[in-house]
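Protein chains get the first letters and strands the later ones, always in sequence-line order, with residue 1 at the start of each.
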Amino acid sequence: MTAPADPVAAPPAPRTEAELLQRAEALGGLSLAELAARFGQSVPRDPVRAKGWFGQLVEVALGATAASLPEPDFQLIGVELKSLPIDARGRPKESTYVCTVPLTDNVGLTWEDSLVRRKLARVLWLPVESAAERPLAERRIGTALLWSPDAEEEDALRRDWEELMDMVCLGELERISARHGTWLQIRPKAADSRALCASTDANGDAALSLPRGFYLRTRFTARLLARHWAGAR
DNA sequence: TATTGATCATGT
DNA sequence: ACATGATCAATA
């Protein structure tokens with residue numbers, strides 16, 4: 001029986017990818033209860049009210065700096081952190097939020113300048129065992145993967161982004177459903193379905209609409225993991 | 001049961 | 001309101 005250790009301070013921002021990866025790999029195998037305790041936190045009791053809890057804990061644990069800014073989490077090295085919930089079959093359970101969809105002042109915006117491209121250019125994926133039956137506290141962190149899209153993936157993501165943003169720029173936001181896009185999709189991203197934000201309608205006039213976000217489909221992250229494992233053999 | 005649309009927490 | 005961190009839960 002060991003006495004509980006004192007909470008540890010959040011580390012400074014990592015200065016290199018290697019430093020970040022080393023820290024992330026050191027988290028592998030830890031339960032969420034263990035990681036929480038390390039930083040003096042307790043595991044939330046109600047999963048409904050714990051959405052995003054783990055992601056924010058890991059930001060602290062790894063020294064992320066972007067907080068709620070529209071930038072990659074590790075600003076110095078341009079790396080985005082994404083936790084990835086894994087089901088009982090070893091595949092991602094959920095789509096992955098990327099960033100907000102710009103609904104105004106977006107004409108002329110290119111893929112190259114887009115936040116989607118900047119965030120997905122370099123991602124540290126951190127898998128977490130998340131089978132429905134497994135309590136939050138008992139879930140374990142998996143092996144971190146530092147990833148960039150290959151040429152084919154980037155091309156497909158760019159085509160999705162261009163198709164979707166074309167519709168947004170034409171004021172066709174209300175026609176866009178989650179069914180559009182091969183790998184990237186646009187879905188609501190709001191407190192509730194009554195939330196409103198500024199947008200532009202088909203006439204180019206100011207309007208109000210439900211805030212939306214870009215998400216990576218589960219199929220994309222599933223393929224990404226499968227490819228990595230295949231390549232590691 | 002996979003997916004879409006809805007929702008919860010925190011900080012500025 | 002808007003950005004981040006996401007998962008929930010009704011529906012197809």
Side-chain angles (χ1 to χ4, degrees), chain A residues 10 24 32 35-36 39 41-75 79-106 114-116 118-120 123-137 139 141 160 164 173-200 206-223:
Chain A
L32 303 200
L35 185 64
F39 290 92
Q41 293 192 26
S42 52
V43 178
R45 292 187 187 81
D46 179 5
V48 172
R49 299 183 177 263
K51 303 175 186 181
W53 169 74
F54 175 64
Q56 302 200 317
L57 174 59
V58 170
E59 286 186 341
V60 173
L62 295 179
T65 54
S68 66
L69 300 175
E71 296 174 35
D73 295 291
F74 301 97
Q75 299 164 296
V79 177
E80 174 71 10
L81 171 65
K82 289 293 177 197
S83 63
L84 195 58
I86 303 297
D87 68 16
R89 295 154 46 190
R91 306 181 71 250
K93 273 178 68 175
E94 288 287 348
S95 55
T96 301
Y97 170 71
V98 180
C99 60
T100 298
V101 178
L103 299 182
T104 58
D105 302 322
N106 47 23
S114 71
L115 191 51
V116 173
R118 281 210 297 137
K119 286 208 173 191
L120 297 184
V123 180
L124 182 71
W125 298 101
L126 195 59
V128 185
E129 285 184 317
S130 302
E133 331 74 69
R134 185 168 308 243
L136 206 50
R139 296 181 180 182
I141 300 172
D160 280 345
L164 292 164
L173 180 64
E174 305 311 322
R175 282 188 47 224
I176 300 179
S177 83
R179 293 166 185 80
H180 290 85
T182 303
W183 302 126
L184 260 189
Q185 62 182 172
I186 284 180
R187 304 219 306 274
K189 174 61 170 169
D192 57 57
S193 62
R194 282 105 56 199
L196 293 172
C197 67
S199 65
T200 306
L208 292 174
S209 52
L210 183 61
R212 315 298 166 100
F214 282 110
Y215 295 79
L216 284 177
R217 292 184 183 280
T218 306
R219 277 174 284 165
F220 183 83
T221 47
R223 195 180 71 150

Rounded distance [0.5 Å steps], OG1 in A/T96 versus CH2 in A/W125: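 Atom-to-atom, A/T96:OG1 and A/W125:CH2 are 4.5 Å apart.
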Rounded distance [0.5 Å steps], CG in A/L184 versus CG in A/L164: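 Rounded to the nearest 0.5 Å, the CG-CG separation comes out at 7.0 Å.
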In chain order, what residues pass the side chain to side chain donor-acceptor pair (under 3.5 Å) check against [X], with sequence neighbours excluded?
{"X": "A/S114", "value": "none"}
{"X": "A/T104", "value": "none"}
{"X": "A/R223", "value": "A/E152"}
{"X": "A/E94", "value": "none"}

Nearest whole angstrom, please: distance from the [atom2] of [N] to the [atom1] of [X].
{"X": "A/F74", "N": "C/dG5", "atom1": "CZ", "atom2": "P", "result": "10 Å"}
{"X": "A/R118", "N": "C/dT4", "atom1": "CZ", "atom2": "C1'", "result": "14 Å"}
{"X": "A/L84", "N": "C/dA6", "atom1": "CG", "atom2": "P", "result": "10 Å"}
{"X": "A/L136", "N": "B/dC8", "atom1": "CG", "atom2": "C1'", "result": "14 Å"}
{"X": "A/K51", "N": "C/dA3", "atom1": "NZ", "atom2": "C1'", "result": "17 Å"}
{"X": "A/K82", "N": "C/dT7", "atom1": "NZ", "atom2": "P", "result": "10 Å"}
{"X": "A/L57", "N": "C/dT7", "atom1": "CG", "atom2": "P", "result": "13 Å"}
{"X": "A/E59", "N": "C/dA3", "atom1": "CD", "atom2": "P", "result": "17 Å"}

Who pairs with [X] by side chain to side chain contact (heavy atoms under 4.5 Å, CB included), at least two apart in sequence or on another chain?
{"X": "A/A10", "answer": "A/V60"}
{"X": "A/S177", "answer": "A/R179, A/H180"}
{"X": "A/P211", "answer": "A/A190, A/A195, A/C197"}

Pairs under 3.5 angstrom only: tabulate donor-acceptor contacts from the side chains of residues 46-59 of chain A to other protein residues two or more places apart or in another chain.
| unit_1 | atom_1 | unit_2 | atom_2 | d |
| --- | --- | --- | --- | --- |
| A/D46 | OD1 | A/V48 | N | 3.0 |
| A/W53 | NE1 | A/Q41 | OE1 | 3.1 |

So [X], base contact, sugar-phosphate only, or nothing? Heavy-atom distance under 4.0 Å.
{"X": "A/P44", "answer": "nothing"}
{"X": "A/E71", "answer": "nothing"}
{"X": "A/L69", "answer": "sugar-phosphate"}
{"X": "A/S83", "answer": "sugar-phosphate"}
{"X": "A/R91", "answer": "nothing"}

Closest-nucleotide 5' rank along DNA chain C - winner of A/Y97 and A/S130: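 By nearest-heavy-atom nucleotide position, the 5'-most residue is A/Y97.
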Would you say the side chain of [Y] lies within less than 4.5 Å of the side chain of [X], judging by non-hydrogen atoms?
{"X": "A/Y215", "Y": "A/V98", "result": "no"}
{"X": "A/L62", "Y": "A/L124", "result": "yes"}
{"X": "A/K82", "Y": "A/L216", "result": "no"}

Upstream residue (5' side of DNA chain B) when A/K93 and A/R49 are each assigned their closest nucleotide: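 First, find each residue's nearest nucleotide; the 5'-ward one identifies A/K93.
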Nearest-nucleotide 5' precedence on DNA chain B, A/G52 against A/E94: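 Result of the comparison: A/E94.
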Angle by which the axis turns from one end of the helix from B/dT1-C/dA12 to B/dT12-C/dA1 to the other, five pairs per end, to 10 degrees: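 Rounded value for the end-axis angle: 30°.
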Every protein N/O within reach of nucleotides 10-12 of chain C N/O, cut-off under 3.5 Å:
none

Side chain of A/P47 - closest among C/dC8, C/dA3, B/dG5: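 The answer is C/dC8, which lies nearest to the side chain.
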Heavy-atom pair of closest approach, residues A/P70 and A/R118: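 Taking A/P70 first and A/R118 second, the nearest heavy atoms are O-NH2, 3.7 Å.
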Contact list for DNA chain B against residues 180-199 of chain A - heavy-atom distance below 4.0 Å: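 Hits under 4.0 Å, by residue number: A/Q185, A/R187, A/P188, A/K189, A/A190, A/A191, A/D192, A/S193.
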DNA chain C contacts made by residues 208-218 of chain A, counting heavy atoms under 4.0 Å: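 Within this stretch, A/Y215 sit under 4.0 Å of the strand.
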A/R89 vs B/dA2: side-chain N/O to OP1/OP2 distance below 4.0 Å: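 So the side chain of A/R89 is within the cut-off, an N or O lying under 4.0 Å from OP1 or OP2 of B/dA2.
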CA sep, side-chain torsions, deciding dist, call: A/V79, A/D73, side chain to side chain contact (heavy atoms under 4.5 Å, CB included): CA-CA 6 Å; A/V79 177; A/D73 295 291; over 6 Å; no
